[in-house]
Amino acid sequence: MAIEENEFISNRLEKLAGIREMGIAPYPAHTPDRLPVENLRSIGETEEVLCTSGRIMAKRKHGKTVFCDITDQTGRIQLFINKKNLDEVGWELLGKLDLGDVILVSGTLFITRTGELSVRVETLLLLAKAVRPMPVVKTDADGEMHDSVSAPDFIYRHRCIDLMLNLDSKNRFIARSRIISAVRGYLDSENFLEVETPVLQQIYGGAAADPFVSHYNSMDEECYLRIATELYLKRLVAGGIHRVYEIGKDFRNEGVDRTHSPEFTQLELYEAWTDYNGMMTRFEDIVQAAAKAAGVGPVAKFGGHEIDLAPPFKRVPFIPALHEKSGEYLFDWDAERLSGLATRLGLGNDIRDKPALLDKLFDHYVTPSLIQPSFVVDYPVELSPLAKQKADNPRITERFEAFIAGLELANAFSEQNDPIYQREVLEKQAAQSKHRSGVVDEEFLYALEVGMPPSGGLGIGIDRLVMVLTDAMSIRDTILFPHLRREQ
RNA sequence: GGGCCGCUAGCUCAGUUGGCAGAGCAUCUGACUUUUAAUCAGAGGGUCGGGGGUUCAAUCCCCCCGCGGCUCACCA
């Protein structure tokens, strides 16, 4: 299929043909040594002939002088191209260059009358001709952007354009990469071992979510994309890898919104000889490391809030907080009464069981107030099938969820390691839940039966962490290629 | 899946109480040897998301569909 034609593309294709007719290869195989644009800036004025390359972002023609701005990953620099400094071929080539073309230039560096460091171009080489035009962004004297690309679907579908033109977006993805790197660095320095567990699973578990279903032809069996790594990582703890983590994609076949993506990146770590208190410290440490990597100070700005990231984070007990915010002792209400309240609040009327109702009501009453980093602790046991109960109160578990800016960022608990209790819970759950077809993960239970040391486990939504640290209002802005419906 | 909003030139967006489709930037032609949102003169560029309906006439009103955003539901 030929590329879609329009005035702009055919225009450029003609120039491309013209360049070929000149005997110039428009996509040469390799380039001579070049300096990053940033290096030229730090060198400043010089009579030495230097070489750099980049994409043409602006072109200002003045007869026999042409000014171009080119950019590479390190920055922008102006080219001063004068007919008298260039050979005839170079000058003819210049006439066939457009915004977006990738070029290589060499020349000396000088400062123009208006005070801008510029390359006095002596040789000009084309490295890649752009046949598709890209939007032009201009910044006026007040620093205001004109014609920036803002349509969300355009940005998500053509991320290459977004990265070229929207500095905020580019910086966000750089920050994301550095955050993940810093998290790894922290965990590695604490002697955690990074592992990889199956993405393609015959039994999925570790969370309550609908999976993506696939089919393995040669085995002729149904399989699933993982929804969590939990049940595999705990087998490793039982096996003696006492500090272990995985950073990877989980897949949940559920609705998409500002804070949910069908494939998202999760860190799960498990650590023996500690409990959920240890996980709070780990979470605080990881947030510190990530914030530092993202260049965020002790106070992060997010959606107009100022968020103080300095530890220790606030502890908010689940049940007392719910009682305080709702003004009612909801934990003592029965399911019917809770359901009535939920319905009146417009929270949906199809929820029947009490724990789910409490969770829903907590979301309504308490979560929006959790702007500053907070650990919601001591969840009702029914909401936490894989967590250990408190020694002095079996109705609640040693579990926390971490919230920042009203976003749930992490979930952690003292891991349940009683194989008899765990089997009961999982079998009951498998029988009731729409998410399981009556199947429990026997290999996971086998590991608990062999014996797993007391451990803490922590899962962190990396995309949401990036949201908080880069002031992104949608999870899609933190994912390079978010899932979109197919274009018709 | 429900509700609301949006879709107009390559990009950002006006607009029409239903009557020849608009601007800035970008593109093309010309002028210009230190400009920087360069400037000046001229030109081209549209299935007004798609389909159907109402009407003398639809980009505009109605219906269906597509895509997107927000929101609700779902979601440990």
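Below, chains carry the letters A, B, ... as their sequence lines are ordered, and counting in each starts from 1.
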Checklist entry - How close or far is atom P of B:rU34 from atom NZ of A:Lys59, stated in whole angstroms? => result 18 Å

Checklist entry - Would you call the rings of A:His62 and A:Phe67 parallel, tilted or perpendicular if under 30° counts as parallel and over 60° as perpendicular? => result perpendicular

Checklist outcome for this item: For RNA chain B, consecutive-pair runs of 3 or more (Watson-Crick or G-U wobble, both H-bond-type distances under 3.5 Å) give B:1-7 with B:66-72, B:10-13 with B:22-25, B:27-31 with B:39-43, B:49-53 with B:61-65

Next on the checklist: Can a donor-acceptor pair be found, under 3.5 Å and without considering hydrogens, that links the side chain of A:Glu45 to the backbone of A:Thr108?
Outcome noted: no

Checklist entry - Which is true for A:Tyr379 with a 4.0 Å heavy-atom rule: it touches a base, it touches only sugar-phosphate, or it touches nothing? => result nothing

Item to check | Donor-acceptor side-chain pairing of A:Asp359 and A:Tyr379 below 3.5 angstrom | outcome: no

Next on the checklist: According to ring-ring contact (aromatic ring centres under 6.0 Å, His included), does anything in residues 92-113 of chain A pair up with another residue at least two apart or in another chain? List the pairs.
Outcome noted: A:Phe80-A:Phe110

Checklist entry - Contact class for A:Arg120 (heavy atom, under 4.0 Å): base, sugar-phosphate, or nothing? => result base

Checklist entry - Is any N or O donor-acceptor pair between the side chain of A:Gln78 and the base of B:rU35 shorter than 3.5 Å? => result yes

Item to check | Nucleotide nearest A:Asp153 (side chain, heavy atoms from C-beta), chosen from B:rC74, B:rC28, B:rG68 | outcome: B:rG68

Checklist entry - If you measure only the distance, is there a donor-acceptor pair under 3.5 Å linking the side chains of A:Arg60 and A:Gln78? => result yes

Checklist entry - To the nearest Å, how far apart are A:Phe264 CZ and B:rA76 C1'? => result 11 Å

Next on the checklist: If I pick the C1' atom on B:rG15 and the same atom on B:rU8, what distance separates them, to the nearest angstrom?
Outcome noted: 9 Å

Next on the checklist: Side-chain N or O of A:Arg485 versus OP1/OP2 of B:rC67: is the shortest distance under 4.0 Å?
Outcome noted: yes

Checklist outcome for this item: Looking only at B:rA76, B:rU33, B:rC11, the nucleotide nearest the A:Glu401 side chain is B:rA76

Next on the checklist: Distance criterion of 3.5 Å, no angle test: do you see the side chain of A:Arg113 paired donor-to-acceptor with the base of B:rU34?
Outcome noted: no

Item to check | Interatomic distance at C1', B:rG2 relative to B:rA76, whole Å | outcome: 25 Å

Checklist entry - Mind checking the C1' distance from B:rC20 to B:rG24? Whole angstroms is fine. => result 23 Å

Checklist entry - Of A:Lys61 and A:Phe80, whose nearest nucleotide on RNA chain B comes first from the 5' end? => result A:Phe80

Checklist entry - Between B:rU27, B:rA38, B:rC11, which nucleotide has the shortest distance from any of its atoms to the side chain of A:Asn11? => result B:rU27

Checklist outcome for this item: Taking B:rG68, B:rU34, B:rC11 as options, the one with an atom nearest any side-chain atom of A:Arg157 is B:rG68

Next on the checklist: Whether A:Lys360 contacts B:rC74 is assessed here as follows: a side-chain N or O lying under 4.0 Å from the phosphate OP1 or OP2. Is that the case?
Outcome noted: yes

Checklist outcome for this item: Minimal heavy-atom distance between A:Asp477 and A:Arg159, with the atoms involved, is CA-NH2, 4.4 Å

Checklist entry - Among side-chain atoms of A:Glu122 and A:Ser106, is any donor-acceptor pair under 3.5 angstrom? => result no

Checklist outcome for this item: Applying salt bridge (charged side-chain N to carboxylate O under 4.0 Å, His left out) to A:Glu442 and not counting sequence neighbours gives A:Arg423

Next on the checklist: Please pick, from B:rU12, B:rU34, B:rA76, the nucleotide with the shortest atom-to-atom distance to any side-chain atom of A:Gln429.
Outcome noted: B:rA76

Checklist entry - If you measure from the C1' atom in B:rG53 to the same atom in B:rG10, how many Å do you get, rounded? => result 33 Å

Checklist entry - When we call it a touch if two heavy atoms are under 4.0 Å apart, what does A:Arg258 touch: a base, just sugar-phosphate, or nothing? => result sugar-phosphate

Item to check | Whole-Å P distance, B:rC4 and B:rG42 | outcome: 49 Å

Checklist entry - Taking the same atom, C1', in B:rC48 and in B:rA38, what whole-Å distance lies between them? => result 33 Å

Next on the checklist: Suppose we screen for salt bridge (charged side-chain N to carboxylate O under 4.0 Å, His left out). Which residues come up paired with A:Lys314, at least two apart in sequence or across chains?
Outcome noted: none

Next on the checklist: At less than 3.5 Å, do the side-chain atoms of A:Thr65 and the base atoms of B:rU34 form a donor-acceptor pair?
Outcome noted: no

Checklist entry - Regarding A:Glu230 and A:Tyr232, is there a side-chain donor-to-acceptor distance under 3.5 Å anywhere? => result no

Next on the checklist: Under 4.0 Å, counting only non-hydrogen atoms across every strand here, what does A:Asp257 touch: a base, just sugar-phosphate, or nothing?
Outcome noted: base

Checklist entry - With rounding to whole Å, what would you report as the distance between B:rA21 and B:rA58 at their P atoms? => result 12 Å

Checklist entry - Can you check the A:Glu14 CD to B:rU29 C1' distance for me, whole Å? => result 14 Å

Checklist entry - Would you say the side chains of A:Tyr224 and A:Asn253 form a donor-acceptor pair under 3.5 Å? => result no

Checklist entry - Any donor-acceptor pair under 3.5 Å joining the side chain of A:Glu7 to the base of B:rG10? => result no

Next on the checklist: Quick check on RNA chain B: between A:Ala58 and A:Arg399, whose nearest nucleotide comes earlier from the 5' end?
Outcome noted: A:Ala58

Next on the checklist: Measuring only the C1' atom in each nucleotide, how far is B:rC62 from B:rA23? A whole number of Å is fine.
Outcome noted: 31 Å

Checklist entry - If you draw a 6.0 Å radius around NZ in A:Lys61, do more than 12 non-hydrogen atoms from other residues or ligands fall strictly inside? => result no

Item to check | NZ/NE/NH1/NH2 to OD/OE distance under 4.0 Å, A:Glu398 and A:Lys388 | outcome: no

Next on the checklist: If the cut-off is 4.0 Å, is A:Arg60 near the phosphate of B:rU35, judged by side-chain N/O to OP1 or OP2?
Outcome noted: no

Checklist entry - Of all the nucleotides listed (B:rA26, B:rU71, B:rG68), which has the minimum atom distance to the side chain of A:Pro152? => result B:rG68

Item to check | Summary of protein contacts for nucleotides 3-9 of chain B, nucleotide by nucleotide, where a base hit scores B, a sugar-phosphate-only hit scores S (4.0 Å, heavy atoms) | outcome: -------

Checklist entry - Among residues 403-416 of chain A, which residues get a heavy atom nearer than 4.0 Å to RNA chain B? => result A:Glu408, A:Asn411

Checklist entry - Hey, is the side chain of A:Lys138 poking within less than 4.0 Å of OP1 or OP2 on B:rA26, counting only N and O atoms? => result yes

Checklist entry - Just checking A:Pro385: base, sugar-phosphate only, or nothing, at a heavy-atom cut-off of under 4.0 Å? => result base

Item to check | Neighbour count >12 (heavy atoms, 6.0 Å) for atom NZ, A:Lys83 | outcome: no

